[in-house]
Structure formats: C-alpha cells, structure tokens
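The structure appears right after this line, and notes come after that.
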Amino acid sequence: MTDPRFSGIGMTSLRTRDRLVQRLREQGIVNLVVLDRIRNLPRHIFVDEALASRAYEDTALPIGFGQTISQTYIVARMTEALLEGPPLKRVLEVGTGCGYQTAVLAPLVERIYSIERIDGLQKRARARLKELDVRNVRFKVGDGSLGWRSQAPFDGILVAAAPLVVPEELIEQLAVGGRLVVPAGPEGRQQLLRIVRHEEGVEQKVLGAVSFVPLVGGVG
Ligand code: SAH
C-alpha cells in the first residue's frame with residue numbers, strides 16, 4: 001500500500017504493529033495466518049483520528065454511537081477459533097462495528113455477510129473497507145440475532161456482541177460442520193463459546209471469560 005495514511009508513522013507504524021503481534025503471541029495466539037493479517041492491517045484508520053496513537057494498545061476504543069472496537073486479542077482469538085477446521089466459504093458476521101474484525105477476516109475466507117444494527121456505523125465501515133480494497137463483503141443493516149436467512153447456510157458465524165442466550169436462529173443457519181463463535185451471558189459473566197453443528201446436534205466448547213457490548217434486538 002502506498003497511501004501514507006495506511007502505512008502510518010510513529011505510534012501507528014509497522015514497528016508498533018510488530019510489537020502488538022508479539023504481545024498476541026505471548027497471550028497464546030498461534031495461528032500464523034491471523035497474526036500475519038493483523039501485522040499487515042492498519043488499525044488506526046478504524047478509530048477516530050484523535051485516538052489513532054492508541055489504536056495498537058490492546059484495549060477496546062470508542063468508535064462512536066456508544067460502541068467500541070473490539071480488543072485486538074479478542075479479534076485474534078475469535079478469528080482463530082472460527083478458522084479452526086476446513087476452509088470457510090460463507091461467513092456471517094454479526095456486529096460490523098467499525099469494520100476492523102471484518103477486514104481481518106476478509107482475506108482468510110471466500111465471502112463475508114456482515115450485519116450491523118446501526119446504519120451510521122456500517123456506512124463508515126463500508127467506506128474504510130473500500131479504501132483498503134476489501135471486496136468480498138456484503139453488508140446489511142438489521143438485527144443480526146435473526147441471522148441472514150436468505151444467505152444461509154453459513155460455514156462460519158462470528159458474533160461481536162453478547163446475547164444472554166445463543167439465538168436458535170444462528171445455530172439453525174449453520175451448515176453441517178459449520179462453526180459459530182459467540183460471546184454469551186449477562187454482563188460480568190459472559191463466556192466466549194465455539195459451537196459446531198453436526199449431522200445430529202451441536203458440540204459446544206467454552207473458550208473463556210470475555211466482556212462484550214450486549215447484542216440488542218431491533219434496528220437502532
Ligand atoms: N467487531 C467490531 C465490534 C463492534 S462492537 C469492531 O471491531 O468494530 C459490536 C457491534 O455489534 C456494535 O457495532 C453494535 O452496534 C452491534 N450490534 C449489537 N447488537 C446487534 C444486533 N442485534 N444486530 C447487529 N449488530 C448488533
């Protein structure tokens with residue numbers, strides 16, 4: 001990329017991203033494809049300019065509309081958990097947010113269908129992904145807890161906001177062998193889950209404690 005805004009300077013440089021990737025390794029992220037994508041993807045363009053110098057701290061940062069960009073470790077962990085298994089063709093993402101998670105995942109799968117309930121957030125995410133030349137994403141404004149029925153089944157579903165209980169609709173829209181990575185539970189007691197759909201029934205694994213914004217019903 002030649003655009004200087006993308007390469008970044010000082011706190012937004014490639015060296016800063018190298019340090020971020022080193023930290024992710026120390027925290028247990030092992031998938032090299034994921035680490036490499038995070039190293040090569042500028043993160044500062046996804047947050048407000050005033051916060052650009054903090055974009056590589058491993059924290060959640062505000063992205064407007066009362067929402068936050070997910071912590072890099074969580075993005076890496078969820079992406080890794082989703083990729084584990086056969087290659088992913090069709091992926092549903094619930095909660096586009098600023099589009100950072102979408103951008104991390106896009107080159108690693110065939111196609112992403114991304115739903116966000118806040119129109120203004122998705123518009124900005126769309127524009128950023130276009131600038132980054134990410135082209136394999138379809139967007140929709142709506143309630144992601146209902147999934148995207150006309151595009152189902154999905155090989156993978158990634159949910160970036162926490163429902164109290166995993167919506168049945170999402171499990172139903174998984175292909176056989178498909179996996180769903182989703183945080184669930186009440187505030188302060190959320191767990192990150194990896195659910196795999198089999199011919200008969202589903203298998204669920206708890207990946208650890210997490211803290212996400214709640215998955216909200218309806219379009220805001
Ligand atoms: N991965 C995103 C995370 C954004 S936070 C990023 O890196 O920026 C979670 C997002 O989920 C918010 O943008 C919020 O508006 C959205 N969200 C919450 N409930 C939703 C729902 N029912 N359907 C679609 N999006 C929802």
Side-chain angles (χ1 to χ4, degrees), residues 17 20 24 34 37-38 41-48 51-52 54-83 91-106 108-109 112-129 131-132 134 137-152 154 156-171 173 180-187 190 192 210-220:
R17 288 205 294 278
L20 170 66
L24 293 176
V34 174
R37 178 61 179 151
I38 289 175
L41 182 67
R43 182 168 151 94
H44 57 276
I45 63 163
F46 291 90
V47 299
D48 289 344
L51 292 168
R54 298 190 54 200
Y56 299 96
E57 292 172 17
D58 196 14
T59 48
L61 292 170
I63 54 174
F65 301 90
Q67 303 299 319
T68 52
I69 183 172
S70 304
Q71 198 191 346
T72 320
Y73 169 74
I74 289 297
V75 171
R77 186 74 190 92
M78 290 180 88
T79 310
E80 190 172 74
L82 192 74
L83 289 177
V91 174
L92 173 69
E93 178 187 45
V94 176
T96 318
C98 67
Y100 179 71
Q101 167 79 70
T102 326
V104 168
L105 193 58
L108 314 183
V109 305
I112 299 181
Y113 297 85
S114 189
I115 307 184
E116 167 60 54
R117 60 183 284 274
I118 303 173
D119 188 27
L121 267 181
Q122 196 175 61
K123 276 210 180 80
R124 279 196 226 157
R126 239 182 222 268
R128 288 190 186 103
L129 291 171
E131 281 189 273
L132 288 167
V134 170
V137 184
R138 269 193 68 181
F139 296 94
K140 180 170 125 170
V141 172
D143 181 2
S145 63
L146 304 173
W148 191 331
R149 189 156 281 282
S150 63
Q151 298 296 345
F154 300 99
I157 301 179
L158 190 152
V159 185
L164 283 177
V165 179
V166 179
E168 266 314 308
E169 285 275 2
L170 295 183
I171 296 174
Q173 291 180 31
L180 163 62
V181 177
V182 56
E187 230 185 299
Q190 296 170 2
L192 186 61
V210 286
S211 175
F212 278 80
V213 297
L215 187 77
V216 187
V219 177

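As the structure is a prediction and not an experimental result, all values here were calculated from the model. Every heavy atom of this structure was used, including side-chain atoms; hydrogens, water molecules and symmetry mates were not. Counting starts at 1 for both ligands and their atoms, in listed order.
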Less than 3.5 Å between some nitrogen or oxygen of [X] and one of ligand 1, yes or no?
X	answer
E93	no
G217	no
A161	no

Taking 4.0 angstrom as the limit and counting only heavy atoms of [X], give me the atoms of ligand 1 inside it, by number and element.
X	value
Q101	1 (N), 7 (O)
L215	19 (N), 20 (C), 21 (C), 22 (N)
I118	15 (O)
G144	21 (C), 22 (N), 23 (N), 24 (C)
G97	4 (C), 8 (O), 13 (O)

Side chains of P163 and F212 in contact at under 4.5 Å (non-hydrogen atoms):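 With C-beta onward as the side chain, the pair stays apart.
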
Can you tell if the side chain of I45 reaches within under 4.5 Å of the side chain of L132, non-hydrogen atoms only?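 Counting from C-beta outward, I45 and L132 do come under 4.5 Å.
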
Counting heavy atoms not belonging to Q151, are there more than 12 under 6.0 Å from its CD?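 It does: Q151 CD has more than 12 such atoms within range.
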
Please classify the Q67 to ligand 1 contact at 4.0 Å (heavy-atom distances, strictly less than): side chain, backbone, both or neither.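 Contact part for Q67 vs ligand 1: side chain (C-beta onward).
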
For ligand 1, does D143 get within less than 4.0 Å through its side chain, its backbone, both, or neither, judged by non-hydrogen atoms?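 Both the backbone and the side chain of D143 come within reach of ligand 1.
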
Are the side chain of E169 and the backbone N or O of S145 linked by a donor-acceptor pair below 3.5 Å?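 Looks like no, no N/O pair under 3.5 Å.
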
Would you find a donor on one side and an acceptor on the other, under 3.5 Å apart, between the side chain of Q190 and the backbone of V213?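 Checked: no pair found.
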
Applying the side chain to side chain contact (heavy atoms under 4.5 Å, CB included) test to P62, which of V47, L51, I69 qualifies?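 Result: among V47, L51, I69, L51 is the only option passing the side chain to side chain contact (heavy atoms under 4.5 Å, CB included) with P62.
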
Which is closest to [atom] by heavy-atom distance: [options]?
atom	options	answer
atom 5 (S) of ligand 1	V159, L121, T68	T68
atom 9 (C) of ligand 1	A60, A160, P214	A160
atom 16 (C) of ligand 1	M78, E116, Q122	E116

Look at ligand 1 and say whether G142 reaches it with a heavy atom at a distance under 4.0 Å.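 Right, G142 reaches ligand 1.
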
May I ask whether T96 has any heavy atom positioned less than 4.0 angstrom from an atom of ligand 1?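 Distance cut 4.0 Å: T96 passes for ligand 1.
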
Suppose we screen for side chain to side chain donor-acceptor pair (under 3.5 Å). Which residues come up paired with Q101, at least two apart in sequence or across chains?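 For Q101 the side chain to side chain donor-acceptor pair (under 3.5 Å) partners, ignoring immediate neighbours, are T79.
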
Under 3.5 Å, is there a donor-acceptor pair linking the side chains of Y56 and R43?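 Note: Y56 and R43 side chains miss the donor-acceptor criterion.
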
What donor-acceptor contacts under 3.5 angstrom involve side-chain atoms of residues 93-100, with partners at least two apart or in another chain?
residue : atom : partner : partner atom : Å
E93     : OE1  : T102    : OG1          : 2.7
E93     : OE1  : S114    : OG           : 2.6
E93     : OE2  : T102    : N            : 3.4
E93     : OE2  : T102    : OG1          : 3.4
T96     : OG1  : S114    : OG           : 2.8
T96     : OG1  : Q122    : NE2          : 3.1

Which atom of R54 lies closest to which atom of T59, heavy atoms considered: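 Heavy atoms of R54 and T59 come nearest at NH2-OG1, 4.3 Å.
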
